[in-house]
Every structure is written in C-alpha cells, then in structure tokens.
Amino acid sequence: MPKNSIPWPRAIPRRRLLQMLGWSGLAGVFGGFHSRLACAGTLAAAGSLPAFEEIPRSKSGILWTHTGGLSPEMYEPETLGAGCAFFDYDNDGWMDIYLVNSGKCDFYNPVPPLRNALYHNNRDGTFTDVTEKAGVTGNAYGMGVAVGDYDRDGLPDLYVTQYPRSILYHNNGDGTFTDVTKKAGLAAPGWATSAVWFDYDNDGQLDLFVCQFADWNKSKNKFCGNDLTGERWYCKPNVYDPAPCWLFHNNGDGTFTDVSKESGIAKSLAKAWGVVACDINNDGLMDLFVSNDTVANFLFANRGKGRFSEIGLLAGVGYNSFGRARSGMGVDAADYDQDGWIDLFVSNVDHEMYSLYHNNKDETFTDVAPSDGIGSTTMLMSGWGLKFFDYDNDGELDLLLCDGHPDIAVEKHMQNVSYREPMLLFRNTGRGFQNISKQSGPIFSRSIAGRGMALGDFDNDGAVDVLVAVNNAAPILLRNNAARKNHWLGVRLVGRKSNIDAIGAKVTYESGDFKRHRFKVGGGSYLSSHDPRVVLGIGQRSKIDSLEVKWPQPGSSTERFTNLPIDRYITIVEGEGKWK
C-alpha cells in the first residue's frame, strides 16, 4: 500500500486508536443538455498535460477580483470570504460562473462600490461579464451562494449569503434576475455564511438551510493580539457568542416560513461555516451536517414531521477523540467506499487535522483520517472549500481541497503555519486515499488564501473542472485534463414528484462486473454551489450496461435505463421512462 494512503476502515482496538491519535494530538487534535464537444483526440492528449491546468485570466475573460477590505481593525468577516458557483442560469447546457464579493456594511464602505460577478459561458473556453444586465450585483458584505430552483419553473435561482442580510435573486428566464427577498421572507438578518437548498419534508419543494456565524457586528468586534505591543490579529472565534442557524420552509407560493424553532434547529447555537444535506441513515429523509468553529459540529438527524435531532456528540462527529471542539470549516458527504452509506468529511484549522468520518451504519461515525495520509498531511493546514468527486473518471470518488489560514498575521505568532497554503488532491485507489498533489500540476505547488471552491464541467468534455475563490485576490479557474483518458456519462436529473433538482436521488450504474453508485447531496464545500449534473466514470470500459435512478420522493419508482451512450450528457426526467 502506498505510503500516503488511508486503508479502508476496519476494527481498530481502542488502545491502538489512541496510540495513533497521540502522536498528532499534542495541540488538541484533533449542450442543450448534451455536450457537442467531440472526445476524439482528448484521450491521448490528456497524458501530456497536468491533471489540472490553470486557465489564465487573459484567456478566460474572468477579470473580476475579490476585495476583502482588509483593515487595521481586522473585522472578522474580512478574511473569511468568499464563495463561488457553477450554474447554468440561461439553460443553454453550459455552466456559467457566479462570484461573490464583499460590499457595503457597518464596518466597510468601499468607494467605488464593489459588486459580485456573473460570467456567461461563451462555449469556447471564454466568459463574458453580464452582471449589470442580469441585476445580481449584491447589496451588502457578500459571503457565499447557494443555487436552487425553489419555484420549480425550470430556472436556477440564486441565494447570496451576506452580512448583515442575505438576498434571494429569482431567475426571470430572460437573462435577468429580480430581488425577491422581502416577498420570500429570506433576508436572514445576521452574519450568514454557507447555505443549502434541500427538501427536508419530502413535499417536492426546495427548502433552505442557512448557516449563521456567531452573534457579531461592528460594535462587538474584539481586540485580539499582543497587549504589550498593540499588534493585532484576527480573533479566534471562541471570543464571540454563538447564534442559531435558520431553516426556512418553502410554502410553494414564492414565500418561505422560518421554522428554525419548531424544527429544533434553533436550539443548537452555532458558529457555522459549512453545511451539506445528505441521508446519513438511509431512511429517505435528508439530514444536515454542519461544521462549527470552536463549538461542536452539528449532525441534524431528520426525524420526520418537520423535526430534527442534533446527534453530533452521540454520532462521534461533534468533537475530536479527546472531547474538544475543533475549528470546522468546509464539509462534504459521499459514499467514498461504496458500501451503501454516506460518509462525511470536515476540514479544520492547523494543529487539528481534517476528519474523514466513516459511516458505521448505526448513526455513528469513526474518524479514519488519523491513521495515515490525510491526517498527517493536514496537521499544519487550514481547509475551506472541498469536495468528493471522480477527478479522473475511473469510477472512484477522489477528494480535492483548497486551503489557507484565516489569520493574515499567523506567521508572526506561530511557527510552521502559513497564511497561504497549497491545494491538496487525494486519489481514491479503491483501497485507500493517496496524496497525489505534487504530480497533479503547478497549481498544487502554489500557495493561496483559498476559500470557496465549486466544481463544474465548464467545457462539457466530461472532465469536471474547478473554480476556486481566493480571499482578496482573483479567482482561479482550473481545467481538468486527467479525466480525458477515461470514458464517462453525464446525467442531468429533473424531478417531477421529487424536488426538481433531485437532491437526495441515488444513481447506480453498471458496466460488466463494474458497479458503482452516487448519492446526490445538497451543498457541500464552503460558501459555494456546484454543477448539478452527475458525471459517472467508467475508466477504459466502453459501455454502460444499465443505469438506475432512485428518486428521493417517497412513493416514486426506481427507474432503470439501458442502451445508454457514453462520453456525452443526457437528461432524465422523473416518470418519463426514457433519457434524452
């Protein structure tokens, strides 16, 4: 087994587990919808290119830059944004890009004003800024973005999280958006961070969960630093009071009801950064994994009838093995070992290690990251955007992370820790995860203040690309070359009885004796939203024999499809019994 690999979970004696943790725990461990691009020639070319290739701004046309508004007062939000999204706002079958910027609020008044950015995909590797025409500039200090078709009209809408209020942009279908926040009741006053659209009550409508990070405003900003010299740095969040997150129920008429209290969500006070919606116990109800900074992570188990139980402590994902809260930031969920159960991942700050939580199938999880590989690699790092995905289309779910410390002055008061850090890529070998960052392209040798990260196939070649939002700098667009050596099928799912975005669906596909499945989760990463299409890799195999879709709505039938194409995108609409 490779030196930097993590073996699949197995029975680990408690004494042995503590021994493994001990060495690293000293500091508190822990087009239409079809692609029209031909694949001919790409398989051979892929081998001569880096796995991920940075597309220069001069070629992509993405000239926008994030501005954090970094100030001597070191207001807490300044160094923590921002997010980004891949989404097809005009339904032309090509992924467009949305980028979130900071803006006017009680501690910041930029002149000239700053704005978010919407870039239209020109289908030739370039993008055009259409922000002003679309009307999606933002109106406060922006943090993240969540994409979802909340009114089931076939058009993706935008929810932009901000401080001190958020905004809902309704997609008008003509290239423009309308601010409908007041009508919808989704302002969520406070400091909102990540958000996720998902259908918690299985009524076919997308509801909205919004993370809140602490009870904070300008007047509550605290001094953290050297009392003798007056040197200041960004505070660790333990100096601020936690605050509840929000859960909004979709009423089906363009309005939402705040059900945070009656659902049980508001009982747990948060310092929340990331959220992913997934079904951890295979009961057909979508649960929520929420990362918290300096308080325990939340695992909200959906008990039906609009109620959630917070089981993070009992599940083993709330604290580290020594009962200490960590600095949870980015999150994701996937069945990385194909045992039929969703596993969880959360990134933390330096000296805490990131956590890979394997699902024990009884609403508990075991952190297998400390045994090798991911744990040791991330011991001195701080992670934000992250996602499980099959980067090389071999059928296994790999893991990509972007990193960077939240404190720009950290190098002055800590050893062996950097503000800017390199990205990480772990390849799933089928027997464990192997760190292949160094051989995957120059971007993995470059240190950045990475924050949000979104995945999307912007050139429709079946190789899922990457967009990274960098704090106080230009975003990074990475083209995936690695997946071109293998075959694939891309699937866009459209729910009818189920929620239209098919969040919670399970796709199973077979090629000979090769069988894999994918759960379609909601959200994941940090402050960001992803290409909704599912790309199914089959390696060098030349045929997919069958594909099954288990729709999330109770009572919906599981649909099976054969005679499928490869190396292109298809659309499957619930209940139609055919692909197109």
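Computed from a predicted model, the values in this text were never measured in an experiment.
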- Query: What heavy-atom pair brings H358 and D337 nearest, and what distance separates the two atoms?
  - Reply: NE2-OD2, 2.8 Å

- Task: Determine the sole option in I503, D335, D279, V507 for which the side chain to side chain contact (heavy atoms under 4.5 Å, CB included) test with F519 is passed.
- Result: D335

- When you check the gap from the basic side-chain N to the acidic O, do R326 and D367 get nearer than 4.0 Å? yes

- Heavy-atom pair with the smallest gap, counting every atom of I311 and A301: CD1-CB, 3.8 Å

- Item | Sub-2.5 Å SG contact, C245 and C211 | no

- Query: So which heavy atom on D343 is nearest to which on N359, and how close?
  - Reply: OD1-N, 2.8 Å

- Show your reasoning for whether salt bridge (Lys or Arg N to Asp or Glu O under 4.0 Å) applies to R479 and E54. CA-CA 6 Å; R479 175 182 286 121; E54 184 174 357; over 6 Å; no

- Message: Looking at N471 and G81, would you say the former's side chain and the latter's main chain have a donor-acceptor pair under 3.5 Å?
- Response: yes

- Query: Just wondering, do C402 and V468 contact through their side chains at under 4.5 Å, heavy atoms?
  - Reply: yes

- Message: Using side-chain heavy atoms (C-beta onward) and a distance below 4.5 Å, is R516 in contact with E396?
- Response: yes

- Message: Do S440 and M423 have side chains that approach each other closer than 4.5 Å (heavy atoms only, starting at C-beta)?
- Response: no

- Ring centroid separation for F209 and F248, is it under 6.0 angstrom? no

- Message: Can a donor-acceptor pair be found, under 3.5 Å and without considering hydrogens, that links the side chain of H530 to the backbone of L455?
- Response: yes

- Query: If every non-hydrogen atom of I342 is compared with every non-hydrogen atom of A333, which pair is closest and at what distance?
  - Reply: CG2-CB, 3.7 Å

- Message: Using a 3.5 Å distance criterion without hydrogens, assess whether the side chain of D332 forms a donor-acceptor pair with backbone atoms of G524.
- Response: no

- Would you check if the distance from the ring center of Y163 to the ring center of W216 is below 6.0 Å? yes

- Kindly indicate, with the supporting measurements, whether the criterion side chain to side chain contact (heavy atoms under 4.5 Å, CB included) is fulfilled by Y119 and D96. CA-CA 6 Å; Y119 279 94; D96 309 298; over 6 Å; no

- Task: Give the C-alpha distance, both sets of side-chain angles, the deciding distance and a yes or no for side chain to side chain contact (heavy atoms under 4.5 Å, CB included) between M453 and C84.
- Result: CA-CA 7 Å; M453 186 184 79; C84 55; 5.6 Å; no

- Task: Locate the shortest heavy-atom distance separating S418 from V410; write the atom from each residue and the value.
- Result: C-CG1, 3.9 Å

- Message: Whether the side chain of T429 engages the backbone of R431 through a donor-acceptor N/O pair (distance < 3.5 Å, no angle test) should be reported.
- Response: yes

- Task: State whether the side chain of K387 and the backbone N or O of V466 hold a donor-acceptor pair below 3.5 Å, judged by distance alone.
- Result: no

- Message: Centroid separation under 6.0 Å, is that true for the rings of Y98 and Y89?
- Response: no

- Message: What I'd like to find out is whether the side chain of V470 reaches to under 4.5 Å of the side chain of N472, using heavy atoms alone.
- Response: no

- All heavy atoms of A454 vs all of S529, minimum pair found to be CB-O, 3.2 Å

- Task: For residues F213 and W273, establish whether the separation of their ring centroids is below 6.0 Å.
- Result: yes

- Message: Salt bridge check, E76 against K222: does any charged N sit closer than 4.0 Å to a carboxylate O?
- Response: no

- Verify whether the ring centers belonging to W341 and Y336 lie closer than 6.0 Å. no

